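A quick write-up on the structure given underneath.
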Amino acid sequence: MRLKVTFVLFLLILPLALANLRVGFYRRSCPNAESIVRAAVRRRLSRDKSITAALLRMHFHDCFVRGCDASILIDSNSKSSSEKDAGPNLTVRGFELIDEAKKALEATCPSKVSCADIITLATRDAVFLSGGPFYFVPTGRRDSLVSDPDEVNLPGPTLTVSEAFQAFRAKNMSMDDMVTLLGAHTVGVAHCSFFLDRITRPDPTMDRGLAAKLRSICGAASGTNPDPTAFLDQATAFAVDNQFFKQIGLKRGVMKIDQELANDPLSRRIVSGFAANATLFRTRFAQAMVKMGNIQVLVGKAGEIRKNCRVFNPRRRI
């Protein structure tokens with residue numbers, strides 16, 4: 001019976017076919033690929049617990065532009081700008097961790113493991129090491145040959161639930177997927193500029209105590225820190241758990257979109273379910289992360305395997 005239940009859960013989390021990706025893609029070409037990435041994540045997490053939120057954001061910002069193809073990693077140069085220059089990506093961080101993992105992988109198995117897969121694996125490992133679920137990641141993604149800042153159009157924190165859902169639906173994600181993935185805010189932070197309008201005037205959808213706390217945080221802005229940050233989960237800021245959903249159920253959502261998840265008829269039933277059932281959230285989060293990681297992937301001969309995640313490989317002359 002235990003084997004049967006485990007097998008069923010495995011099928012729930014991992015559909016058998018995911019756009020030519022497969023679990024264990026590097027089993028022969030780079031057997032230690034996943035352990036190398038996990039070691040890099042473990043080292044960084046030991047000194048910076050906030051890296052989990054950074055990786056989750058990087059992964060989301062990558063997948064929702066051109067698909068999960070590492071286009072977000074390309075550096076701008078004197079000739080062209082990249083996605084990094086787009087407004088929503090100016091505060092994305094964690095690139096050095098990807099560089100560290102890539103350098104170790106290139107030393108072990110050159111030109112085998114894509115930067116897109118490194119982002120996906122590193123995010124999974126950070127989630128697990130921060131108390132979240134472990135889930136099997138299908139690999140085999142290839143890296144994009146394009147990174148255009150004009151293509152960056154991501155859902156913002158001031159949108160309504162229905163407006164935000166339009167962006168998710170365009171990527172073949174359901175309302176349940178959207179609410180689940182926004183649960184990643186359980187380890188996130190937001191700059192005061194993203195929620196200042198909610199605390200500078202009375203907002204009946206925000207707990208008064210939280211509003212006062214946020215005003216204190218934002219009021220401490222200075223020349224060296226003009227836009228302070230606040231945790232999106234006031235209970236367990238560095239743990240991947242269901243506390244975020246419990247918090248927004250108590251009017252303790254920091255950003256507008258977070259609080260609206262608990263208030264909007266389109267999403268509040270899902271929020272209540274996750275708040276009441278931690279196991280349900282863990283299972284659905286694993287499923288949604290695998291699904292997001294499959295958005296518009298490049299496989300086979302498409303794209304390339306970059307030697308350096310920050311630059312495209314030199315073009316071969318014909």
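Predicted, not measured: the structure shown is a model, and the values here were computed from it.
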Answer whether the closest heavy-atom distance between the side chains of [X] and [Y] falls below 4.5 Å.
X      : Y      : result
Ile119 : Asp117 : no
Val271 : Ile248 : yes
Arg124 : Val127 : no
Cys68  : His59  : yes
Asn242 : Asn277 : no
Cys218 : Leu196 : yes
Arg252 : Gln234 : yes
Asn263 : Lys251 : no

Judged by atom type as modelled, is there a donor-acceptor pair below 3.5 Å linking the side chain of [X] to the main-chain atoms of [Y]?
X      : Y      : answer
Arg141 : Gly293 : yes
Asn89  : Val92  : no
Asp258 : Gly253 : no
Arg315 : Asn313 : yes
Thr108 : Ala104 : yes
Lys102 : Arg306 : yes
Ser147 : Ser71  : yes
Thr120 : Val137 : no
Glu304 : Phe312 : no
Asp227 : Ser193 : yes

Please tell me whether [X] and [Y] are part of a single hydrophobic cluster in this structure, the criterion being side-chain heavy atoms less than 4.5 Å apart.
X      : Y      : value
Ile51  : Phe134 : yes
Ile305 : Phe25  : no
Val179 : Phe168 : yes
Leu210 : Ile217 : yes
Val23  : Val113 : yes

Can you name the closest pair of heavy atoms from [X] and [Y] and give their distance?
X      : Y      : result
Leu154 : Val65  : CD2-CG2, 4.1 Å
Ala235 : Gln247 : CB-NE2, 3.6 Å
Ala122 : Leu55  : O-CD1, 3.7 Å
Leu90  : Asp85  : CD2-O, 3.8 Å
Leu232 : Ala190 : CD2-CB, 3.6 Å
Ile118 : Ala101 : CG2-CB, 3.9 Å

Practice item. Name all pairs fulfilling the salt bridge (Lys or Arg N to Asp or Glu O under 4.0 Å) condition that reach into residues 174-192, sequence neighbours left out, sorted by first residue then second. Key: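 As it turns out, the salt bridge (Lys or Arg N to Asp or Glu O under 4.0 Å) pairs with a partner in residues 174-192, which skip direct neighbours, are Asp176-Arg284, Asp177-Arg284, Asp177-Lys291.
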Do [X] and [Y] have side-chain atoms, one donor and one acceptor, less than 3.5 Å apart?
X      : Y      : result
Thr160 : Asp264 : no
Arg198 : Thr205 : yes
Ser82  : Ser76  : yes

Is it the case that atom [atom1] in [X] sees more than 12 heavy atoms from other parts of the structure closer than 6.0 Å?
X      : atom1 : answer
Lys112 : NZ    : no
Lys307 : NZ    : yes
Asn153 : CG    : no
Asn172 : CG    : no

Rounded to the nearest 0.5 Å, what separates atom [atom1] in [X] from atom [atom2] in [Y]?
X      : Y      : atom1 : atom2 : answer
Leu105 : Asn32  : CG    : CG    : 9.5 Å
Asp69  : Ile74  : CG    : CD1   : 9.5 Å
Lys256 : Leu159 : NZ    : CG    : 7.5 Å
Gln287 : Met292 : CD    : CE    : 14.5 Å
Ile295 : Met173 : CD1   : CE    : 5.0 Å
Leu261 : Ile270 : CG    : CD1   : 9.0 Å

**Study point:** Candidates Arg310, Met58, Lys103 - the one meeting side-chain contact (heavy atoms from CB on, under 4.5 Å) with Ile98
**Key:**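 When Arg310, Met58, Lys103 are each tested with Ile98, the side-chain contact (heavy atoms from CB on, under 4.5 Å) holds only for Met58.
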Review point. Can Asp75 and Lys84 be counted as an ion pair, charged N to O under 4.0 angstrom?
Key: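 Answer for the salt bridge query: yes.
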**Study point:** Salt-bridge contact Arg268-Glu260 (side-chain N to carboxylate O under 4.0 Å)
**Key:**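 The answer is no: the pair does not qualify as a salt bridge.
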Which residues pass the ring pair (Phe, Tyr, Trp, His ring centres under 6.0 Å) test with [X], sequence neighbours left out?
X      : value
Phe165 : none
Phe95  : none
Phe281 : Phe245, Phe274, Phe285
Phe231 : Phe238

Exercise for review: Kindly determine whether Thr139 and Tyr26 satisfy side-chain contact (heavy atoms from CB on, under 4.5 Å), including the steps that lead there.
Suggested key: CA-CA 8 Å; Thr139 45; Tyr26 298 110; 3.8 Å; yes
Review point. Do the rings of His191 and Phe194 sit parallel, tilted or perpendicular, given the 30° and 60° boundaries?
Key: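 Aromatic pair His191/Phe194 classed tilted.
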Show me the side-chain donor-acceptor pairs of residues 36-48 shorter than 3.5 Å, one per line, residues at least two apart or across chains.
unit_1 : atom_1 : unit_2 : atom_2 : d
Arg38  : NE     : Asp125 : OD1    : 3.3
Arg43  : NE     : Glu100 : OE2    : 2.9
Arg43  : NH2    : Glu100 : OE2    : 2.7
Arg44  : NE     : Asp48  : OD2    : 3.4
Arg44  : NH2    : Asp48  : OD2    : 3.3
Ser46  : OG     : Arg43  : O      : 2.6
Arg47  : NH1    : Arg43  : O      : 3.3
Asp48  : OD1    : Ser50  : N      : 3.1
Asp48  : OD1    : Ser50  : OG     : 2.5

Review point. Step by step, would you call Glu151 with Arg66 a salt bridge (charged side-chain N to carboxylate O under 4.0 Å, His left out)?
Key: CA-CA 8 Å; Glu151 294 185 3; Arg66 298 187 57 85; 2.7 Å; yes
Review point. Is it true that Phe128 and Tyr135 have ring centroids separated by less than 6.0 Å?
Key: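 Here the rings of Tyr135 and Phe128 have centres that are no less than 6.0 Å from each other.
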